[in-house]
Novice: 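Pasting a structure here, questions to come.
Quick caveat, the model's predicted, so the values are computed rather than measured. Naming: A, B, ... by sequence-line order, numbering from 1 per chain. Excluded from the calculations below are hydrogen atoms, water molecules and symmetry mates; all remaining heavy atoms, backbone and side chain alike, are included.
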Amino acid sequence: MNMILKAVSKLKWTKPSSQARQFSLTITPPVASCNTITRNSSSLLDDFTRFCYQRDLPRAMKAMHAMQCHGVRADSVTYAELIKCCLARHAVEEAKLVHNHVLSGGFEPETFLVNILLNMHVKFSLLEEAQVLFDQMPERNVVSWTTMISAYCDAKMNDKALELLIFMLREGVRPNMFTYSAVLRACDSLIILRQLHCGIIKVGFESDVFVRSALIDIYAKLGELRNAECVFNEMPTRDLVVWNSIIGGFAQNSDVDEALNLYKRMKRAGFAADQSTLTSVLRACTGLALLELGTQVHVHVLKYDHDLILNNALLDMYCKCGSLEDAMSVFSRMIQKDVISWSTMISGLAQNGYSQEALKLFESMKVSRIKPNYITIVGVLFACSHAGFVEDGWNHFKSMKKFYGIDPGREHYSCMIDLLGRAGKLQEAVKLIHEMPYEPDAVTWRALLGACKVHRNTDLAICAAKKILNLDPQDPGTYILLSNIYANSQKWDEVAEVRKTMRARGITKEPGCSWIEVNKQIHAFNVADSSHPQIDKINKHLKHLIQKLVGVGYAPDTNYVLQDLEGEQKEDSIQYHSEKLAIVFGLMSLTQGKTIRIRKNLRICGDCHTFAKLTAKMENQTIVIRDPIRYHHFQDGNCSCGDYW
DNA sequence: ATAGGGTTAG
């Protein structure tokens with residue numbers, strides 16, 4: 001904790017880096033200050049051509065200016081060279097002059113040269129200007145169309161991109177594989193994607209690697225991993241981007257195991273990971289809380305210390321693996337930080353129980369002049385709600401529109417309901433639900449239900465649970481909770497009713513499962529599971545540990561009805577909850593003193609929470625448990641959540 | 001001359 005505080009105070013702020021420059025299409029007349037000494041036009045042209053090919057931008061610009069005064073023009077290929085040079089140096093002002101020069105003097109430049117100008121506008125993010133130029137072009141070929149389509153895809157104007165494809169076909173211009181690989185990115189529905197895919201197969205472009213990687217990526221983005229895999233498996237040749245597309249696809253679709261398998265296959269196939277691969281692998285580590293693998297990947301990230309996206313992924317990995325010291329050290333060393341870096345760190349601190357530090361960091365963020373976004377504020381409100389900072393929460397909530405121009409959204413309201421509810425202001429929370437400008441959804445009611453659990457308000461809990469089940473009839477946890485509430489009040493008819501509904505809807509209770517990484521191997525434990533090879537030893541050890549804990553006042557609590565967030569305890573197997581097995585296995589197999597890190601699929605129950613606190617104290621051992629919502633750092637008999645989750 | 005892959009919450 002102290003380390004984190006120190007790290008927060010030592011942070012250095014990076015200056016904002018946006019310096020968007022304006023650049024218009026207006027053609028300015030030649031400047032009047034031309035050198036009056038007459039020069040031979042062919043020597044002017046020679047100079048210009050030489051400078052262009054030498055990529056000597058300043059001299060080329062001077063030469064061009066002289067040519068303009070004397071009405072001399074070069075050939076298109078030379079101008080193309082010059083434009084490439086401007087692009088490479090991001091020389092917007094110079095590009096503007098070249099553009100004016102090329103289009104002035106009543107000449108009609110060749111299509112390929114205008115295409116290069118078009119592309120230049122797109123690369124400098126001047127979409128509107130590009131469209132004007134495109135509209136003025138007397139002749140537009142595949143390249144012109146593809147450039148525009150690609151530009152609209154970059155701007156996420158999917159509809160416009162698809163519309164252009166139709167205009168293009170109407171004008172009789174046939175799309176090529178460049179066009180298809182670009183336009184595929186504009187698919188936001190499966191129907192459109194399937195239609196385009198048909199067309200691609202029909203014209204025989206499916207064999208192109210670019211088209212295939214675009215297909216894989218977009219199928220994965222639309223959640224159709226099987227189709228993505230089909231395209232991938234059929235490929236005779238693959239390149240790094242294709243591998244990255246499929247690995248990224250699985251990493252982003254929570255089939256993280258498969259992403260890691262593919263990463264291994266990729267390496268076996270002889271490809272070296274690049275920034276994109278590493279980002280996806282880190283995301284996979286994040287999902288599975290694989291700190292050891294993630295730390296290994298960190299070594300490879302070091303050579304890409306200028307890559308913001310990759311470093312953000314690294315930062316998130318450490319946060320989500322509960323290793324805040326590492327996260328802070330990455331954060332403070334990052335060369336460049338953007339909203340995502342800040343938001344990740346703020347949420348990371350908050351989820352790990354460091355609410356105060358999260359809010360402090362938010363203050364520093366304001367100083368750094370990086371503007372918070374929607375997600376940043378969610379993190380800030382999360383920090384407030386999990387620390388019981390009602391007043392701070394209200395202040396941030398009320399001022400977000402005024403200070404940051406962000407309208408409070410559903411998630412912000414849910415955080416506020418959570419905040420009020422946890423603080424015991426259940427009626428105020430209900431009031432806010434009625435006042436908010438959105439229809440409450442399952443997340444909203446779950447926030448209220450969480451508060452009912454903390455404050456043991458059975459009636460309101462039943463009401464909230466019913467609302468959740470109306471909106472999300474597939475949520476096993478809520479059925480179990482409802483049934484447990486009824487059981488606790490001995491309303492057996494209602495219990496039977498809930499069970500009946502569950503059966504009728506085919507809903508089965510998700511079994512509790514915990515994972516722990518030991519020697520780069522993942523060990524999984526289910527409730528009362530006996531499949532682990534060392535289970536007998538683990539059970540023996542667990543019994544022994546429980547006896548020792550009882551000696552210091554531990555009383556296994558089997559009546560955590562409202563506290564029980566996963567509904568495992570009615571299984572008569574509370575002492576075999578998956579996290580207990582994982583903790584014991586960690587004690588047995590990790591080197592003494594090494595933090596035990598566990599990830600689980602359901603929320604931790606009250607009994608296991610007490611068990612973990614006492615174990616941490618008795619064994620002098622740090623234990624970190626990540627549940628689907630937040631983190632618990634157990635140390636010296638306490639938990640970072642302050643018994644408030 | 002035009003094309004494909006990676007980051008934050010719930």
Novice: Enumerate, atom names and distances included, each donor-acceptor pair closer than 3.5 Å involving a side-chain atom of residues 372-385 of chain A, sequence neighbours excluded.
Specialist:
{"residue": "A:Asn373", "atom": "OD1", "partner": "A:Ile375", "partner atom": "N", "Å": "3.0"}
{"residue": "A:Asn373", "atom": "OD1", "partner": "A:Thr376", "partner atom": "N", "Å": "3.0"}
{"residue": "A:Asn373", "atom": "OD1", "partner": "A:Thr376", "partner atom": "OG1", "Å": "2.8"}
{"residue": "A:Tyr374", "atom": "OH", "partner": "A:Glu411", "partner atom": "OE1", "Å": "2.5"}
{"residue": "A:Thr376", "atom": "OG1", "partner": "A:Ser343", "partner atom": "OG", "Å": "2.8"}
{"residue": "A:Thr376", "atom": "OG1", "partner": "A:Asn373", "partner atom": "N", "Å": "2.9"}
{"residue": "A:Thr376", "atom": "OG1", "partner": "A:Asn373", "partner atom": "O", "Å": "3.4"}
{"residue": "A:Ser385", "atom": "OG", "partner": "A:Phe382", "partner atom": "O", "Å": "3.2"}
{"residue": "A:Ser385", "atom": "OG", "partner": "A:Asp418", "partner atom": "OD2", "Å": "3.0"}

Novice: At under 4.0 Å between heavy atoms, what does A:Asn115 touch on the DNA or RNA strands: base, sugar-phosphate, or nothing?
Specialist: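 Base, at least one base atom sits under 4.0 Å.
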Novice: Please report, to 0.1 Å, the donor-acceptor pairs under 3.5 Å made by any side chain of residues 108-115 of chain A, with sequence neighbours excluded.
Specialist:
{"residue": "A:Glu110", "atom": "OE2", "partner": "A:Ser76", "partner atom": "OG", "Å": "2.5"}
{"residue": "A:Asn115", "atom": "OD1", "partner": "A:Ser144", "partner atom": "OG", "Å": "2.7"}
{"residue": "A:Asn115", "atom": "ND2", "partner": "A:Asn141", "partner atom": "OD1", "Å": "3.0"}

Novice: When all nucleic acid strands are considered with a 4.0 Å heavy-atom cut-off, which category describes A:Tyr180: base, sugar-phosphate, or nothing?
Specialist: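 Here A:Tyr180 touches no strand at all.
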Novice: For A:Asp239, which contact category applies under a 4.0 Å heavy-atom criterion: base, sugar-phosphate, or nothing?
Specialist: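 Base contact.
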Novice: Under a 4.0 Å heavy-atom cut-off, which of residues 206-215 of chain A touch DNA chain B?
Specialist: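 Within residues 206-215 of chain A, the residues near DNA chain B are A:Asp208, A:Val209, A:Phe210, A:Ser213.
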Novice: Test of understanding: with ring pair (Phe, Tyr, Trp, His ring centres under 6.0 Å), list the residues that count as partners of A:Tyr219, not counting sequence neighbours.
Specialist: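 Applying ring pair (Phe, Tyr, Trp, His ring centres under 6.0 Å) to A:Tyr219 gives A:His197.
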Novice: Among residues 264-277 of chain A, which ones have heavy-atom contacts with DNA chain B below 4.0 Å?
Specialist: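 Within this stretch, A:Asp274, A:Gln275, A:Ser276 sit under 4.0 Å of the strand.
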Novice: Please list, chain by chain and in numerical order, all residues satisfying side-chain hydrogen bond (donor to acceptor under 3.5 Å, both in side chains) with A:Asn227, sequence neighbours excluded.
Specialist: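 For A:Asn227 the side-chain hydrogen bond (donor to acceptor under 3.5 Å, both in side chains) partners, ignoring immediate neighbours, are A:Glu224.
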Novice: Excluding sequence neighbours, so at least two apart, what forms side-chain hydrogen bond (donor to acceptor under 3.5 Å, both in side chains) with A:Asp475?
Specialist: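 Per chain and number, A:Asp475 pairs via side-chain hydrogen bond (donor to acceptor under 3.5 Å, both in side chains) with A:Arg446, A:Thr478.
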Novice: Is it the case that B:dT8 (base atoms only) and A:Thr344 (side chain only) share a donor and an acceptor within less than 3.5 Å, ignoring hydrogens and angles?
Specialist: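 No such pair is found, so the answer is no.
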Novice: Establish, for the pair A:Lys337 and A:Phe331, whether the NZ or CZ atom is under 6.0 angstrom from the six-membered ring centre and no further than 45 degrees off its axis.
Specialist: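 Yes, A:Lys337 sits over the ring of A:Phe331.
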Novice: Once you apply a heavy-atom cut-off of 4.0 Å, does A:Val443 come out as touching a base, just sugar-phosphate, or nothing?
Specialist: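 Sugar-phosphate, no base atom in range.
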Novice: Listed by chain and number, what are the ring pair (Phe, Tyr, Trp, His ring centres under 6.0 Å) partners of A:Phe210, not counting sequence neighbours?
Specialist: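 A:Phe210: no ring pair (Phe, Tyr, Trp, His ring centres under 6.0 Å) contacts found.
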Novice: For A:Val114, report the nucleic acid contact type (base, sugar-phosphate, nothing); a contact means any heavy atom under 4.0 Å.
Specialist: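 A:Val114: no heavy atom of the nucleic acid under 4.0 Å.
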Novice: Using a cut-off of 4.0 Å on non-hydrogen atoms, how would the nucleic acid contact of A:Glu110 be classed: base, sugar-phosphate, or nothing?
Specialist: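 No contact at all - A:Glu110 keeps every heavy atom at 4.0 Å or more from the nucleic acid.
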Novice: So what does A:Lys84 hit on the nucleic acid, given a heavy-atom distance under 4.0 Å: a base, only sugar-phosphate, or nothing?
Specialist: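 No contact at all - A:Lys84 keeps every heavy atom at 4.0 Å or more from the nucleic acid.
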Novice: To the nearest Å, how far apart are A:Ile370 CD1 and B:dT8 P?
Specialist: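 Rounding to the nearest Å, CD1 of A:Ile370 and P of B:dT8 are 17 Å apart.
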Novice: With a non-hydrogen cut-off below 4.0 angstrom, is A:Arg283 in contact with a base, only sugar-phosphate, or nothing?
Specialist: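 Sugar-phosphate contact only.
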Novice: Tell me, which of residues 245-253 of chain A have any heavy atom that sits under 4.0 Å from an atom in DNA chain B?
Specialist: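 Here the set is A:Ser245, A:Gln252.
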Novice: Please name all residues satisfying ring pair (Phe, Tyr, Trp, His ring centres under 6.0 Å) with A:Trp445, sequence neighbours left out, ordered by chain then number.
Specialist: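 A:Trp445 satisfies ring pair (Phe, Tyr, Trp, His ring centres under 6.0 Å) with no other residue.
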Novice: Using the test side-chain hydrogen bond (donor to acceptor under 3.5 Å, both in side chains), find all partners of A:Ser640 that sit at least two apart in sequence or belong to another chain.
Specialist: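 None.
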Novice: Got a sec, which residues hit side-chain hydrogen bond (donor to acceptor under 3.5 Å, both in side chains) with A:Thr78, two or more places apart in sequence or on another chain?
Specialist: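 Partners of A:Thr78 by the side-chain hydrogen bond (donor to acceptor under 3.5 Å, both in side chains) criterion, ordered by chain and then number, come out as A:Asp75.
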Novice: Show your reasoning for whether salt bridge (Lys or Arg N to Asp or Glu O under 4.0 Å) applies to A:Asp627 and A:Lys600.
Specialist: CA-CA 5 Å; A:Asp627 77 21; A:Lys600 58 170 302 177; over 6 Å; no
